[in-house]
Amino acid sequence: MAAQVIDGKAEAATLRGKIAQEVARLRDKITPGLAVVLVGQNPASEVYVKSKAKAVQEAGMRAFDHKLPETTSEKDLLALVAKLNADPAVNGILVQLPLPSQIDSQKVIAALDPAKDVDGFHPVNVGKLSSGLRALVPCTPLGCVMLAKTVHKSLAGMDAVVIGRSNIVGKPVAQLLLAENATVTIAHSKTKDLPATCRRADLLVAAIGKAEFVRKDWIKPGATVIDVGINRVPGEGGKSKIVGDVAADAKETAGALTPVPGGVGPMTIACLLLNTLRAACAQNNLEPPL
Ligand code: GUN
């Protein structure tokens with residue numbers, strides 16, 4: 001039987017609708033604001049940043065765009081972060097990664113006010129997540145867990161395997177799955193027998209960044225597969241196309257899987273809106289509505 005295709009686009013639209021409703025309800029008290037900072041001209045980053053700002057406005061929030069030249073110094077970026085930290089109209093700050101090589105990303109992340117760190121990358125938020133405290137958590141991992149929970153009411157006791165150990169996806173998604181009481185394995189490039197490790201998974205999260213790396217025979221029959229990959233490869237007629245980290249024929253073994261595009265990607269943006277709303281509420285002593 002072919003796998004259930006998890007409709008990330010529809011899930012994201014539902015979540016965005018709920019967020020817009022809450023933003024409208026809070027209108028007399030606050031208007032959440034998100035500052036999006038882009039340094040340089042990475043084409044993929046430009047696309048992401050544009051769609052983030054558009055989604056923010058569609059939800060009734062304010063977007064503050066800051067586009068800086070590729071040659072921006074670390075000092076100048078840190079000065080902008082300090083200004084945004086101090087601006088009460090800015091509830092969330094997102095500095096798009098990667099940054100040009102003259103800037104130390106970790107230094108910039110550490111300079112963010114943790115209360116405005118809607119990416120959940122600041123060491124304070126990373127520490128809170130791993131200690132099981134309430135924190136702003138990274139958007140893509142949050143979206144992955146929400147999509148898994150559209151298939152499984154509870155993830156408790158599931159064998160979850162995460163491929164990839166990045167700070168943006170692999171490590172935080174593992175923490176969130178652990179918080180959901182899954183039994184979590186983090187696999188990576190040095191894992192001894194990756195296909196066999198993956199075959200143990202009831203829930204497989206692929207966050208490697210290599211086109212169609214996970215083969216259909218690496219998947220336990222009936223498993224749920226969350227594909228975080230966004231890889232541009234040559235398509236038909238000289239055009240390029242976007243594929244995930246999981247081979248297309250994985251739907252022959254998986255029980256449920258997220259498509260690329262239309263799976264995790266739309267959820268990431270919806271979760272960014274959710275984090276911005278949550279950050280704005282926390283900064284104004286309001287209960288988080290969602
Ligand atoms: N680059 C790739 N993914 C992300 C993300 O989630 N947040 C930021 N700030 N940059 C990214």
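On a predicted model such as this, the values are computed, not experimentally measured, just so you know. Numbering of ligands and ligand atoms starts at 1, following listing order.
Of the charged side-chain nitrogens involved, none lies within less than 4.0 Å of a carboxylate oxygen, so that Glu22 and Lys18 do not count as a salt-bridged pair. Ion pairing between a basic and an acidic side chain is recognised when a charged N comes within 4.0 Å of a carboxylate O; Lys149 and Glu180 show such pairing.
Not one N or O of Phe121 is nearer than 3.5 Å to an N or O of ligand 1, by distance alone. In terms of polar-atom proximity, Pro98 is not counted as a contact of ligand 1, lacking any N or O under 3.5 Å from an N or O of the ligand. For the pair Gln96 and ligand 1, the shortest N or O to N or O distance falls below 3.5 Å. Considering both main-chain and side-chain atoms, Asp119 comes within under 3.5 Å of ligand 1 through a nitrogen or oxygen pair.
Using a non-hydrogen distance threshold of 4.0 Å, Tyr48 does not register as a contact of ligand 1.
Results of the side chain to side chain contact (heavy atoms under 4.5 Å, CB included) test with Val260 over Val243, Ile242, Val246 single out Ile242 as the only residue that passes.
There is no side-chain donor-acceptor pair under 3.5 Å between Thr191 and Thr197.
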Exercise for the section: Go through the steps to decide whether Asp245 and Lys210 satisfy the test salt bridge (Lys or Arg N to Asp or Glu O under 4.0 Å), and finish with yes or no. Expected result: CA-CA 5 Å; Asp245 287 350; Lys210 286 191 179 157; over 6 Å; no
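In Thr268, neither the side chain nor the backbone holds a heavy atom less than 4.0 Å from any atom of ligand 1.
Here the side chains of Leu26 and Leu277 are in contact, with some heavy-atom distance below 4.5 Å.
Ranking the protein heavy atoms by distance from atom 3 (N) of ligand 1 puts Ile168 CG2, 4.1 Å first. Nearest to atom 1 (N) of ligand 1 among the protein's heavy atoms is Leu97 O, 3.0 Å.
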